[in-house]
Amino acid sequence: MELIPADNGNAQASGDDPYTTTMTQTAMKLAQVQTAEVTRSTAIKKSRMPGKVMIDERKLSIIPAHFPGRIEKLYLDFTGAYVEKGDPIASVYSPELVAAQKELLEAYKSRDSNPALYQATRKKFVNWEISPDVVDQILERGEAQENFDIYSHHTGYVTKRHVAVGDHIHFGKPIFEIANLSTVWIEFEAYENDLAGVSRGNQVEFTVAAYPGETFKAKVTYIDPILE
């Protein structure tokens, strides 16, 4: 388009500044011009990211088998079951424990003459995570018991079940995975062009479908160093 020089009269009215353009109120409304005072502040960028609720890995626990045997009964027989610390989770038949109990009963009879042997046999049960109260009950009863219960060392929900009734277990084999859901992670997927504006400590507001109309707040505590 043809360039038209600015009106010198307008420049004179604006303080003889050639870089100032004066518009009437009507012209400003037609041009939809808005003005704001220049200030110094922190720039804020908002980004919308998809996310999902995740288990806090720091509160995920595995309950292993502390002695070999065969699963006779499961007190937790489905994923999602809730368990508290100290609750029984499975009943196990163990030939090794039966033999160890017979050794314990024999050593108990000669505990005065051979206390070292008696303490050594008791220590086997400690290594198998069997409480001293259970050992004392065996001594009071005077006979070996066939099945032993395995107890949970954590409180939470079963996320994985690795065994079924009749399975043979070995020392250290995982039986259950239990997650404490008192706190969870919200994992967001950030696009590459948004990463420059994301840092630890940033305030996050998010919504979830389970609670429509509610907004939750949190802070960024971790940024995955791996870029997909």
Side-chain angles (χ1 to χ4, degrees), residues 50-105 107 119-139 141 143-189 206 208-210 218 220-228:
K52 54 186 176 180
V53 181
M54 304 290 292
I55 295 174
D56 188 341
E57 296 179 0
R58 299 168 296 182
K59 296 189 176 184
L60 183 63
S61 306
I62 295 178
I63 301 180
H66 298 291
F67 49 83
R70 182 180 68 244
I71 300 292
E72 295 292 313
K73 183 179 181 181
L74 287 176
Y75 300 106
L76 302 176
D77 54 0
F78 64 94
T79 302
Y82 177 77
V83 62
E84 292 188 355
K85 182 178 180 180
D87 288 348
I89 60 175
S91 178
V92 178
Y93 168 72
S94 174
E96 291 190 23
L97 277 178
V98 173
Q101 290 177 85
K102 294 179 179 179
E103 293 180 8
L104 175 67
L105 293 172
Q119 292 300 327
T121 55
R122 284 190 68 104
K123 189 175 181 180
K124 288 184 179 180
F125 294 88
V126 175
N127 295 334
W128 285 327
E129 296 288 337
I130 297 176
S131 68
D133 293 338
V134 175
V135 176
D136 292 338
Q137 292 174 7
I138 296 172
L139 296 175
R141 189 168 53 250
E143 60 181 5
Q145 69 181 60
E146 293 187 352
N147 297 340
F148 279 83
D149 287 342
I150 297 178
Y151 297 89
S152 175
H153 302 297
H154 306 277
T155 297
Y157 293 87
V158 176
T159 56
K160 286 186 180 179
R161 180 169 63 90
H162 296 280
V163 296
V165 175
D167 285 352
H168 288 266
I169 58 176
H170 306 282
F171 178 79
K173 179 181 179 180
I175 300 178
F176 289 100
E177 288 187 15
I178 295 178
N180 187 329
L181 302 180
S182 58
T183 59
V184 294
W185 282 351
I186 307 297
E187 186 176 288
F188 295 100
E189 296 181 0
F206 62 93
V208 292
V220 177
T221 58
Y222 174 77
I223 299 176
D224 195 337
I226 306 301
L227 177 65
E228 294 186 5

Rounded to the nearest 0.5 Å, what's the gap from CD1 on I89 to CD1 on I71? Could you check? 8.0 Å
Rounded to the nearest 0.5 Å, the NE2 atom of H154 sits from the CD1 atom of I62 at a distance of 9.5 Å
Approximate separation, where rounding is to 0.5 Å, of I130 CD1 and I138 CD1: 6.5 Å
Taking atom NZ of K173 as the centre, report whether more than 12 heavy atoms of other residues, nucleotides or ligands fall under 6.0 Å from it. yes
With side chains defined as the heavy atoms from C-beta onward, is the minimum distance between F188 and F206 less than 4.5 Å? yes
Could you give the side-chain donor-acceptor pairs of residues 176-186 under 3.5 Å, partners two or more places apart or in another chain?
| unit_1 | atom_1 | unit_2 | atom_2 | d |
| --- | --- | --- | --- | --- |
| E177 | OE2 | H162 | NE2 | 3.4 |
| N180 | OD1 | S182 | N | 2.9 |
| N180 | OD1 | S182 | OG | 2.9 |
| S182 | OG | K59 | NZ | 3.1 |
| T183 | OG1 | K59 | NZ | 3.2 |

Output, in order, the C-alpha distance, side-chain angles, deciding distance and verdict of side-chain contact (heavy atoms from CB on, under 4.5 Å) for R122 and V135. CA-CA 8 Å; R122 284 190 68 104; V135 176; 3.6 Å; yes
Which pair of heavy atoms, one from A144 and one from L105, lies closest together, and at what distance? N-CD1, 4.1 Å
With side-chain contact (heavy atoms from CB on, under 4.5 Å) as the test, would you mind laying out the steps for E146 and E72 before giving the verdict? CA-CA 10 Å; E146 293 187 352; E72 295 292 313; over 6 Å; no
Which pair of non-hydrogen atoms, one from P174 and one from V163, has the smallest distance, and what is that distance? O-CG1, 4.2 Å
Point-to-point distance, once rounded to the nearest 0.5 Å, from CG of L139 to CD of Q101: 9.5 Å
What distance do L74 atom CG and I175 atom CD1 have between them, rounded to the nearest 0.5 Å? 8.5 Å
Spacing of D224 atom CG and Y222 atom OH [to the nearest 0.5 Å]: 4.5 Å
Taking ring-ring contact (aromatic ring centres under 6.0 Å, His included) as the cut-off, I'd like each qualifying pair that reaches into residues 66-86, sequence neighbours left out, listed once. H66-H153, Y82-Y157
Using atom types as modelled and distance alone, determine if a side-chain donor or acceptor of T155 lies under 3.5 Å from a backbone N or O of K85. yes
For Q145, is the CD atom crowded, meaning more than 12 foreign heavy atoms sit under 6.0 Å from it? yes
Report yes or no: does S94 contribute a side-chain atom to a donor-acceptor pair with the main-chain N or O of P68 at less than 3.5 Å? yes
Show, in sequence, the C-alpha distance, side-chain angles and deciding distance for V92 and N147, and conclude whether the side-chain contact (heavy atoms from CB on, under 4.5 Å) test is met. CA-CA 5 Å; V92 178; N147 297 340; over 6 Å; no
Dump the intermediate steps for side-chain contact (heavy atoms from CB on, under 4.5 Å) on K73 and V165, then the final yes or no. CA-CA 6 Å; K73 183 179 181 181; V165 175; 5.7 Å; no
Nearest heavy-atom contact between G172 and P64 is O-CB, 3.8 Å
